[in-house]
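Below, each value reflects all heavy atoms present in this structure, side chains not excepted, and no hydrogens, waters or symmetry copies. Per chain, numbering begins at 1; letters A, B, ... match sequence-line order.
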Number of protein chains: 2
Amino acid sequence: MFSIGDLSRRTGVKVPTIRYYEQMGLVAAPERSEGNQRRYSRQELERLAFIRHARDLGFAVEDIRSLIDLSGHPEQPCGHADKIAEEQLISVREKIAQLKRLEAELERIATCCNGQTVGDCYVIRALSDHALCADEHG
Amino acid sequence: MFSIGDLSRRTGVKVPTIRYYEQMGLVAAPERSEGNQRRYSRQELERLAFIRHARDLGFAVEDIRSLIDLSGHPEQPCGHADKIAEEQLISVREKIAQLKRLEAELERIATCCNGQTVGDCYVIRALSDHALCADEHG
DNA sequence: TCTTGAAGCTCTAGTGACTAGAGCAATTAC
DNA sequence: GTAATTGCTCTAGTCACTAGAGCTTCAAGA
């Protein structure tokens, strides 16, 4: 049996976060010691590692809930799991595209400032006047 | 003079968000009509457009506060403004790098599933077993 | 002038995914 | 036995909004 601290060290999930996941129903409430401390089995360790891994990949808690539900039914078709992963991939790609637009604009703004004072600072001027932007962002 | 709705239409900032910015002290409390409704001047319109633009570029509200303070002192050196923009650029680049790692991993996971059921679904297996990952992420 | 409907007002609470802190109790190592 | 560490519950804070209730004001047409 593992204490909550053991679980935290083995999965990389912080102790308060584990308790938060329990509150949210992502992990089941575990057994308790005589002194009311949480005691986890290996199965619960694995589930938490699964959650950690999915969070690292950017899945929302609700998606993780679905994936956990699915993994409890290994005989069902996996179209739903594939769909969740694919949508996550699409969402990550959209975020990358948006951030790249920002990067381009910021790069232009941050490197074009040859001014000495705020009065002729390109950063401030560019923010004040959208017309100075190279293209649409946001 | 503009109503809060005029301001919203002209800047693209939603009405509740304008009120929220006022509460946060990002925009000053404007004059009021006899019936207690907000009435904005052109100057306030421009400030809100500045804020909108900076938010679109991903600046945090605290950074925007600094940039606004700076823009009120055009005679001061603009090193601080440049620094804020540069740090924002660095932070955007870090986010892009992290998301690209996720993209690679998700692509591998989402496209490798040739299974029919959850039991042999690569998405579920990859999440359960970090050892299946191509490299470190998260 | 009256009426109607849109727009405005304040206030509270909710979002997501945690994080921080207070004030205790239990466990573990020496 | 004792001291340090770890654990417990509970509340509140983070960020940047967003939603909703219940009310008032405004602008345009009849």
Side-chain angles (χ1 to χ4, degrees), chain A residues 1-27 29-40 44-45 48 50-68 84 87-88 91-92 95 98 102 138, chain B residues 1-27 29-40 44 48 50-68 84 87-88 91-92 95 98-99 102 138:
Chain A
M1 304 297 272
F2 309 103
S3 73
I4 196 167
D6 292 337
L7 218 65
S8 172
R9 271 183 297 278
R10 280 161 195 262
T11 60
V13 179
K14 287 181 189 155
V15 168
T17 305
I18 298 175
R19 289 195 279 248
Y20 164 77
Y21 285 161
E22 181 181 324
Q23 218 183 312
M24 294 298 101
L26 257 196
V27 297
E31 286 178 46
R32 297 287 180 130
S33 72
E34 283 194 8
N36 200 36
Q37 297 193 353
R38 289 170 178 80
R39 292 293 176 261
Y40 295 92
E44 283 157 327
L45 172 70
L48 191 61
F50 181 107
I51 293 169
R52 171 73 208 264
H53 194 176
R55 284 295 301 138
D56 280 351
L57 287 167
F59 287 94
V61 164
E62 276 317 298
D63 287 341
I64 297 174
R65 213 189 288 274
S66 300
L67 289 170
I68 287 173
I84 290 172
E87 279 171 2
Q88 176 61 15
S91 139
V92 165
K95 278 182 196 142
Q98 166 68 1
L102 294 197
Chain B
M1 302 298 272
F2 309 104
S3 73
I4 197 166
D6 293 337
L7 218 64
S8 173
R9 271 182 297 279
R10 280 160 195 261
T11 60
V13 179
K14 288 182 189 154
V15 168
T17 305
I18 298 174
R19 288 196 279 249
Y20 165 77
Y21 286 160
E22 181 181 323
Q23 218 182 312
M24 295 298 101
L26 257 197
V27 297
E31 286 179 46
R32 298 286 181 131
S33 71
E34 283 193 10
N36 200 36
Q37 298 193 354
R38 289 169 179 81
R39 291 293 175 263
Y40 295 93
E44 285 158 325
L48 192 60
F50 181 107
I51 294 169
R52 171 73 208 263
H53 195 176
R55 285 295 301 138
D56 280 350
L57 287 167
F59 288 94
V61 164
E62 276 318 297
D63 287 341
I64 297 174
R65 213 188 289 275
S66 300
L67 289 170
I68 287 174
I84 290 171
E87 279 170 2
Q88 176 61 14
S91 140
V92 165
K95 278 182 196 143
Q98 166 68 2
L99 284 172
L102 295 197

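Within residues 5-14 of chain B, the residues approaching DNA chain C are B/G5, by heavy-atom distance under 4.0 Å.
Taking CG from B/L26 and CD1 from B/I68, the interatomic distance works out to 5.0 Å, rounded to the nearest 0.5 Å. Between the CZ atom in B/F2 and the CZ atom in B/R39 there is a gap of 12.0 Å [rounded to 0.5 Å].
Protein chain B touches strand DNA chain D; the 5'-most and 3'-most nucleotides with an atom under 4.0 angstrom of its non-hydrogen atoms are D/dA16 to D/dC26.
No engagement by B/F59 is indicated, since no non-hydrogen atom pair under 4.0 Å with the nucleic acid exists. Residue A/R38 is classed as a sugar-phosphate contact, given heavy-atom separations below 4.0 Å to backbone atoms only.
Rounded to whole Å, atom P of C/dG16 lies 10 Å from atom CZ of A/R65. Distance, A/M24 CE to C/dC18 P: 11 Å, rounded to whole Å. Note: CD (B/E31) to P (C/dG8) measures 17 Å, nearest angstrom. If you measure from atom CE of B/M1 to atom P of C/dG8, you get 14 Å, rounded to the nearest angstrom. The nearest whole Å value for the distance from the CD atom in B/E22 to the P atom in C/dC9 is 9 Å. Atom P of nucleotide C/dC18 and atom CD1 of A/I18 are separated by 12 Å, given to the nearest angstrom. Protein atom CD1 of A/I4 is 15 Å distant from nucleotide atom C1' of C/dT27, rounded to whole Å. Atom CZ of A/R32 is separated from atom P of C/dT27 by 12 Å (rounded to the nearest Å).
The backbone N or O of A/Y40 sits nowhere less than 3.5 Å from a side-chain atom of A/E31 that would complete a donor-acceptor pair. Here the side chain of A/R55 pairs a donor or acceptor atom with the backbone of A/F59 at under 3.5 angstrom. A donor-acceptor pair under 3.5 Å is absent between the side-chain atoms of B/Q37 and the main chain of B/R32, judged by distance alone. A donor-acceptor pair under 3.5 Å is absent between the side-chain atoms of B/S8 and the main chain of B/I4, judged by distance alone. No side-chain donor-acceptor contact under 3.5 Å links B/E44 to the backbone of B/V27.
Side-chain atoms of A/P30 and A/E22, non-hydrogen and from C-beta on, do get closer than 4.5 Å to each other.
Here the closest heavy-atom approach between residue A/V92 and residue B/L102 is recorded as CG1-CB, 4.5 Å.
For C/dC18, neither phosphate oxygen OP1 nor OP2 lies less than 4.0 angstrom from any side-chain nitrogen or oxygen of A/R52. For B/S3 and C/dG8, the shortest distance from a side-chain N or O to OP1 or OP2 is below 4.0 Å. Checking the phosphate oxygens (OP1, OP2) of C/dT27, a side-chain nitrogen or oxygen of A/S33 falls inside 4.0 Å.
Closest approach to the A/R39 side chain among C/dG8, C/dC18, C/dT27 is made by C/dT27 (side chain taken as heavy atoms from C-beta onward). Closest approach to the B/R19 side chain among C/dC9, C/dT27, C/dC18 is made by C/dC9 (side chain taken as heavy atoms from C-beta onward).
For the side-chain contact (heavy atoms from CB on, under 4.5 Å) criterion with B/T11, the lone passing option out of B/D6, B/T17, B/L48 is B/L48.
In this structure, B/E34 and B/V61 both approach DNA chain D, and ranking their closest nucleotides by distance from the 5' end singles out B/V61. Each of B/Y40 and A/E62 lies near DNA chain C, and the nucleotide nearest B/Y40 is the one positioned closer to the 5' end.
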